[in-house]
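Encoded as structure tokens, the structure appears first; notes follow it.
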Protein chains: 2
Amino acid sequence: MRRTRNVLFVMSDQLRYDYLSCMGHPALATPHIDALAARGVLFTHAFCNAPVCGPSRMSFYTGRYAFSHGATYNNFPLRADESTLGDYMRPLGLRTAVVGKTHMQANPAGMRRLGIDPASPRGILIGECGFEPFERDDGLHPDQALDPDLRYNRYLRGLGYDSPNPWHDFANSAEGGDGSVLSGWQMRHASRPARVAEEHSETAYMTDRAMAFIEGAGDEPWCLHLSYIKPHWPYVAPAPYHDMFGPDAVMDPVRDERERADPNPVVAAFMDHSESVAFSRDEVRATVIPAYMGLVKQLDDHVGRLVAFLSDRGLLDDTTIAFTSDHGDYLGDHWLGEKELFHEQSVRIPLIVVDPGSHADATRGTRSNLPAESVDLIPTFLEALDAEIPDERLEGRSLMPAIRGESAEGWRDAVFAECDFSVRPARLALGASPPESRGFMVRTDGWKYVEWLCAPPQLFDLDADPDEYRDLGRDPGYGKIREEMRGRLLDWTLHRRLCPELSDAAVARRTGKAQERGFRFGEW
Amino acid sequence: MRRTRNVLFVMSDQLRYDYLSCMGHPALATPHIDALAARGVLFTHAFCNAPVCGPSRMSFYTGRYAFSHGATYNNFPLRADESTLGDYMRPLGLRTAVVGKTHMQANPAGMRRLGIDPASPRGILIGECGFEPFERDDGLHPDQALDPDLRYNRYLRGLGYDSPNPWHDFANSAEGGDGSVLSGWQMRHASRPARVAEEHSETAYMTDRAMAFIEGAGDEPWCLHLSYIKPHWPYVAPAPYHDMFGPDAVMDPVRDERERADPNPVVAAFMDHSESVAFSRDEVRATVIPAYMGLVKQLDDHVGRLVAFLSDRGLLDDTTIAFTSDHGDYLGDHWLGEKELFHEQSVRIPLIVVDPGSHADATRGTRSNLPAESVDLIPTFLEALDAEIPDERLEGRSLMPAIRGESAEGWRDAVFAECDFSVRPARLALGASPPESRGFMVRTDGWKYVEWLCAPPQLFDLDADPDEYRDLGRDPGYGKIREEMRGRLLDWTLHRRLCPELSDAAVARRTGKAQERGFRFGEW
């Protein structure tokens, strides 16, 4: 009987669900990630719970919706007492660490209220979202925000990349004919190669660091979150990946003039964001998307390198591997750039789970259309490790039915995601207050509904209009569907897990026991 | 200019909104509490946010709905990192303590995850809901749950009340003709006097202890939560209060045969609870309600004693006083006993706020029908103290507009309350799982709607049917109203405060600033 001993939780950043060959990309071959899918289950309908880095990751790492964990946007601090992946893994004996990005924002004020020194070992662990920071690197280091101690910069400098900020000047910049530094922040440079050698680029480096962690773990079981920084912008790929794809390999944009005719006010405000304006230009797409594809291709090669490394050490037989992304990237689809809103290109994610256990043999290489969410990963890891799944905090469900090939009775028939755009320019354009700058998506097989707190809703008929061109959110003919979707949303909110210490079983054990404990109320 | 220096937050337990003469009780004169109302503002439409002790109090003490603070029933632990009244008062220099009941359930597991020793000074403070436990006494001490160190029991024993549990055997029991102890747990004894002398009873004792705290505070400003244990059951009053009222002083029951004809399944299950069965008998009401009234009368006298004490020390001029209750008591109305459900008798509370500040002079002795909630008290105290009201956690609003006589623009037009009956026998009768055993009330001026997760809704037309006899929750003619009320409920849930460290102002300061900080995404 093979069974899980380690967990390798691989995340890519801003990787669209459809930019893998196993998910149908016509021009981008990702044989190594496809090989993972062939060894496990490919979840074709997986969704992040908040299509932006921070809140999405907090849902992955806490097993709770943003509505519950509360860190609804990048750099919004997570409550100090949220339990995280490490809190579930460490009691099982797994050393739990991160290599790469978490986008965790520590909560020193909350820690101080609790008497926890943020610089103490416990404070650091809480501040790192429960991960041992073997290599914490969120991958965005403009000069203004540069951490002078960034390990990757020290690494690059040690290799002779001479700059106060080699992350920017080498790994995320190209070079002009005159030797000038062409910043990757400017997308016009995306077709040029990064100034860093491929083997020193972020993707290669993080893979090396993951291997170093695994080597160092020795005989101790581990849970490693390898969290790649790419293909998130700056969109700059090192040679040879920078020109592996040409404009002809770029998929046609998923966009329609009807979308610009009378958009939902929130969508309209996002269409005015600089990234949307830029990505609505064909020139930008033709320049940037090949670089994005190159970054995915590079990522795939390093996934292959890592799997070979695990194979060489016999670790494939006892390591559960999950491969996913925190959200997608519009890349100009729907006249939008970046992510945050709820079209499939933004909210849908790739998800592969390889469980080495014998119980998973029957489903290897299969595809599951079970509606999966980010919050499902912690329960899945727990079940792979034969551990109990505490229901007092976790809001997702183990994906094991699909992995074991069992029927997933009572599985959710809708997925949920959230958006908080309170720090984005769209808020000012809409004249909305911070608490009104939020939206909630409910997506069933057939319908996608978005409730905006400061604007009318969106509604899409996914059967008749799979590309989501026709927003029925204000169409008087669809009031009944909207009402039904709002009912689902209400039902979802009212079922959030509230009490972090009481499992359903513990509650059930108390039911009707007050009188036994001497509280004899109601006695005559 | 007079202004607030101290806060005296007086809570009674299970005191119905209509058992005060200032709130219209025809036979129960409460001149001292009425005098408070004459010195301040009487909120005639105040509601608790969860009509049962624990969760209601946690809403008072955290300024957050149960849906946010999560301690949805008695003895469900509060998260260790919830900020409480003391966290708001102490930084302003107010020593913050409790005398009496909080029903706080500490969360040692959560504390240990955070490295906090529950027995350390900080652990004790967190475990006491942020109150210095000057005298913590939840007032329910059956032999099985007796704390051997209960201070009140030591006090009684010191006075010669000889028993291992004088709380039960003297303060909450009567005596038979043969000297036998007749337990107050048995309501048939409610017309007899307690075996304790009035001046040693819980209400007198807690008043004494409040005075001791205030004396001891000296020149230091303070916030004292004086939290009386009565008129909560056991319904036993000491002489002379035990027979101050006769059955003729008891108000007619608010109940109607229509209510039993086809009740909502949740209500039906509660009607089968022992306390409901008992209180549906006229004999029980005629025996118990006079004792309940006696306990209220006694409470009123001690409020008078306390106010005189404050007056003697010149403290009335700089002390904000709030008087309220955690919830009501059915006392047989609607064929129910106890509380928990959402009829007015259960969910509505008395509320008086006396602000000594000059700004409040214009409204002294006025009545306000502003829909007030438990969560409003912390913001009110903060504003009385001229302190900022942090909006990142607090979900209520300062009642100061009504106290200053200003228009309360944009004030809520609905109040909300919650019920979690997962540990009550009703859950078993309904065959519901713990997470399904919950309900949510929305009450506007005209309508009261209750969403049950495991049963059809309730709906009352408060204009046409102020006694709430006719449940329209399943009436096909009221679908549109129900839909509107569900919409209000959804709106309420989606506005819960999520991120405990970021105020709206802090968020607003960040809006649109990413590019300034060097994150130049979207640039061509």
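So you know, we letter chains A, B, ... as the sequences are listed, proteins then strands, and number each from 1.
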(request) Would you mind reporting whether B:Glu436 and A:His495 have side-chain heavy atoms less than 4.5 Å apart? (result) yes

(request) Please lay out, stage by stage, how A:Trp185 and B:Gln515 fare under the test side chain to side chain contact (heavy atoms under 4.5 Å, CB included). (result) CA-CA 10 Å; A:Trp185 289 113; B:Gln515 310 251 348; over 6 Å; no

(request) Tell me, for A:Ser120 versus chain B, whether the close heavy atoms (under 4.5 Å) come from the side chain, the backbone, both or neither. (result) neither

(request) Name the region of A:Asp81, side chain, backbone, both or neither, that has any atom closer than 4.5 Å to a heavy atom of chain B. (result) both

(message) What I'd like to find out is whether the side chain of B:Pro425 reaches to under 4.5 Å of the side chain of A:Thr511, using heavy atoms alone.
(response) no

(request) Count the heavy-atom pairs under 4.5 Å between each of B:Arg509, B:Met111, B:Arg497, B:Glu82 and chain A, then report the option with the highest count. (result) B:Glu82

(message) At a heavy-atom distance under 4.5 Å, which candidate from B:Thr287, B:Leu125, B:Ile126 has the highest pair count against chain A?
(response) B:Thr287

(request) Of all the heavy-atom pairs spanning A:Gln144 and B:Arg517, show the shortest one and how long it is. (result) CB-O, 3.5 Å

(message) Which one wins on heavy-atom pair count under 4.5 Å against chain B: A:Ala278, A:Gly115, A:Gly337?
(response) A:Gly115

(request) Side-chain contact test, heavy atoms from C-beta onward, threshold under 4.5 Å: evaluate it for A:Arg438 versus B:Leu498 and give yes or no. (result) yes

(request) Taking the side chain as every heavy atom from C-beta outward, state whether B:Val507 and A:Asp420 have any pair of such atoms under 4.5 Å apart. (result) no

(request) Identify the residue among B:Arg79, B:Arg113, B:Gln105 that makes a side-chain hydrogen bond (donor to acceptor under 3.5 Å, both in side chains) with A:Glu501. (result) B:Arg113

(request) Specify which of A:Tyr73, A:Trp524, A:Phe279, A:Phe67 makes the most heavy-atom pairs with chain B at under 4.5 Å. (result) A:Trp524

(message) Please rank A:Ala508, A:Ser276, A:Ser183, A:Ala145 by heavy-atom pairs under 4.5 Å with chain B and give me the top one.
(response) A:Ala508

(request) Please name the pair of heavy atoms, one in A:Gly70 and one in B:Cys499, separated by the smallest distance, quoted to 0.1 Å. (result) O-CB, 3.4 Å

(message) Any non-hydrogen side-chain atom of A:Arg496 less than 4.5 Å from a side-chain atom of B:Arg496?
(response) yes

(request) Below 4.5 Å from any heavy atom of chain B, which atoms of A:Ala66 appear? Answer side chain, backbone, both or neither. (result) backbone

(message) Could you check whether any side-chain heavy atom of B:Arg188 comes within less than 4.5 Å of a side-chain heavy atom of A:Glu523, counting everything from C-beta outward?
(response) no

(request) Mind ranking B:Asp143, B:Asp391, B:Leu114 by heavy-atom pairs under 4.5 Å with chain A and telling me who comes out on top? (result) B:Leu114

(request) Answer yes or no: is there a side-chain heavy-atom contact under 4.5 Å between A:Arg486 and B:Arg486? (result) no

(request) Go through A:Leu502, A:Asp504, A:Leu494 and name the one with the most non-hydrogen pairs under 4.5 angstrom from chain B. (result) A:Leu494

